[in-house]
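Structure, as structure tokens:
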Amino acid sequence: MKKALGIDIGGTKILYGIVNENGEIVSEVKKTFTPKTADAIFSTLKTIIDEHYTEIEVVGLSSAGAVNLENTKVLSSTPNLPDGYNQIDFSALCDKKVYVENDANCACAAEYKNGAGKGFNTVLMITIGTGIGGGVISDGKLFRGAKGNALEVGSMKIFADKRQKCTCGRYDCWESYASGTGLKNCATKGAKEYPEFRESIYKDKQPDEITTYDITDGIQKGDAYSIKVFNQWMEYMYVGLVSLTDIFNPDCIVISGGMCSFVDTEMLEQKINAESVVTDVKVLRATTGNNAGMIGAAVLAFG
Ligand code: BMX
């Protein structure tokens, strides 16, 4: 069976391991910190690939950002990526096939092959982390769009009247409301607007000092302000997901990413099925966890 080196380039760490054609990890998963400059990222990737060169046929890379149609570069320039990252030609890393794909598209491929989406025909993947990413696989094929950048759903506008600036510089992108960063934004706004804040365990904090972790912790402790902030965040998530359901008519929506354990999938499934024109949609939590990027990149690199 063919083997690929799957590499997941995250904001803080790079994860890598050998993956077979069934999407199974067949080596130890290793990790290293993500260097801060584009040049250093390139050298680190080269070292990792050289180390495994003789064991593999292809290399699959998962990265945040919009990827070009040739799967050789990450073009997106959101502030989440270092300067010069969009200049890297990943195909120059070695003389074997090197295939780079967006992190959410990779997570979609991993879940479709070997995770919560296995056995479904049309899978919509939503990753909720610092930003929000999306991917769709239907009839076994990843939907890439004209230039390969389809499903950059985090940039979808949810309001038209410039209410909140996003880290990308534009206004009212879905991810500024419904990602991990979005939860923090809801907390800051809620501290100024909700009367519950005055009785909250966080009442002595400045509104912009309240973290995503404070809210998830506050919910466990029954803090009314944290619960209200969380419910607002879930509403924003629902608003985006119900539209995406009407657009893509998925069999299931798989939620992954660092924030996925906090998402109320049952509530979302109920509301989406009640209010979308599409029915019988399942909302599931991803099962490939931290290995999603690595597995999906490898699966897609096999082609
Ligand atoms: C952003 C965008 C997407 C990415 C998504 C999730 C960049 C750098 N990122 O919308 O390409 O899929 O975030 O990324 O343009 P994460 O890092 O939050 O998982």
Side-chain angles (χ1 to χ4, degrees), residues 7-15 33-34 36-38 41 60-69 71-88 90 100-111 123-137 142-145 147-158 164-185 212 233 236-237 240-241 244 253-263 285-286 288-297 300:
I7 307 180
D8 180 5
I9 311 166
T12 49
K13 56 186 185 305
I14 295 176
L15 288 180
F33 286 108
T34 310
K36 293 281 171 265
T37 66
I41 291 176
L61 294 173
S62 163
S63 169
V67 171
N68 67 350
L69 202 51
N71 295 95
T72 55
K73 285 186 169 184
V74 179
L75 305 173
S76 166
S77 56
T78 70
N80 307 350
L81 301 174
D83 279 350
Y85 191 74
N86 58 1
Q87 302 298 317
I88 299 178
F90 291 98
V100 59
E101 185 51 273
N102 169 267
D103 56 356
N105 283 346
C106 290
C108 191
E111 289 294 317
V123 176
L124 167 64
M125 156 65 65
I126 300 294
T127 62
I128 320 240
T130 315
I132 300 185
V136 162
I137 293 187
L142 181 70
F143 182 75
R144 300 203 62 221
K147 297 276 193 310
N149 312 149
L151 275 293
E152 280 292 325
V153 294
S155 300
M156 187 167 76
K157 297 267 169 290
I158 62 164
Q164 184 166 282
K165 200 164 185 176
C166 180
T167 49
C168 73
R170 295 183 292 252
Y171 282 86
D172 297 325
C173 300
W174 186 34
E175 69 183 22
S176 76
Y177 292 89
S179 63
T181 317
L183 181 58
K184 182 177 166 46
N185 291 340
T212 303
W233 183 64
Y236 288 136
M237 198 171 300
L241 288 180
L244 290 168
I253 304 172
V254 181
I255 313 277
S256 75
M259 296 297 292
C260 93
S261 56
F262 304 113
V263 173
R285 204 165 278 126
T288 55
N290 289 338
N291 298 329
M294 194 188 336
I295 296 173
L300 290 167

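Counting starts at 1 for both ligands and their atoms, in listed order. The first residue of the sequence shown is numbered 1, and numbering continues consecutively from there.
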Any heavy atom of T130 under 4.0 Å from ligand 1? The part involved is both
May I ask you to list the atoms of ligand 1 that are less than 4.0 angstrom from any heavy atom of L81?
8 (C)
Any heavy-atom pair between the side chains of S256 and E111 that's under 4.5 Å?
no
Which is it for L75 and V67 under the side chain to side chain contact (heavy atoms under 4.5 Å, CB included) test, yes or no, and what are the steps along the way?
CA-CA 6 Å; L75 305 173; V67 171; over 6 Å; no
When rounded to the nearest 0.5 angstrom, what distance separates CD1 in I128 from OG1 in T130?
11.5 Å
Spacing of D172 atom CG and K165 atom NZ [to the nearest 0.5 Å]
12.0 Å
Counting from 1, what ligand 1 atoms have a heavy atom of G131 closer than 4.0 Å?
13 (O), 18 (O)
Within ligand 1, which atoms have a heavy atom of D103 less than 4.0 Å away?
4 (C), 6 (C), 12 (O), 14 (O), 16 (P), 17 (O), 19 (O)
Measuring from the heavy atoms of G65, does anything fall under 4.0 Å of ligand 1?
yes
Using a distance-only test with no angle check, is there a side-chain donor-acceptor pair under 3.5 angstrom linking N185 and T181?
no
Could you check whether E101 and S62, counting side-chain N and O atoms only, form a donor-acceptor pair closer than 3.5 Å?
no
Kindly confirm or rule out an N or O of I132 lying under 3.5 angstrom from an N or O of ligand 1.
yes
Atoms in ligand 1 flagged as close to E152, the criterion being non-hydrogen separation under 4.0 Å
2 (C), 3 (C), 11 (O)
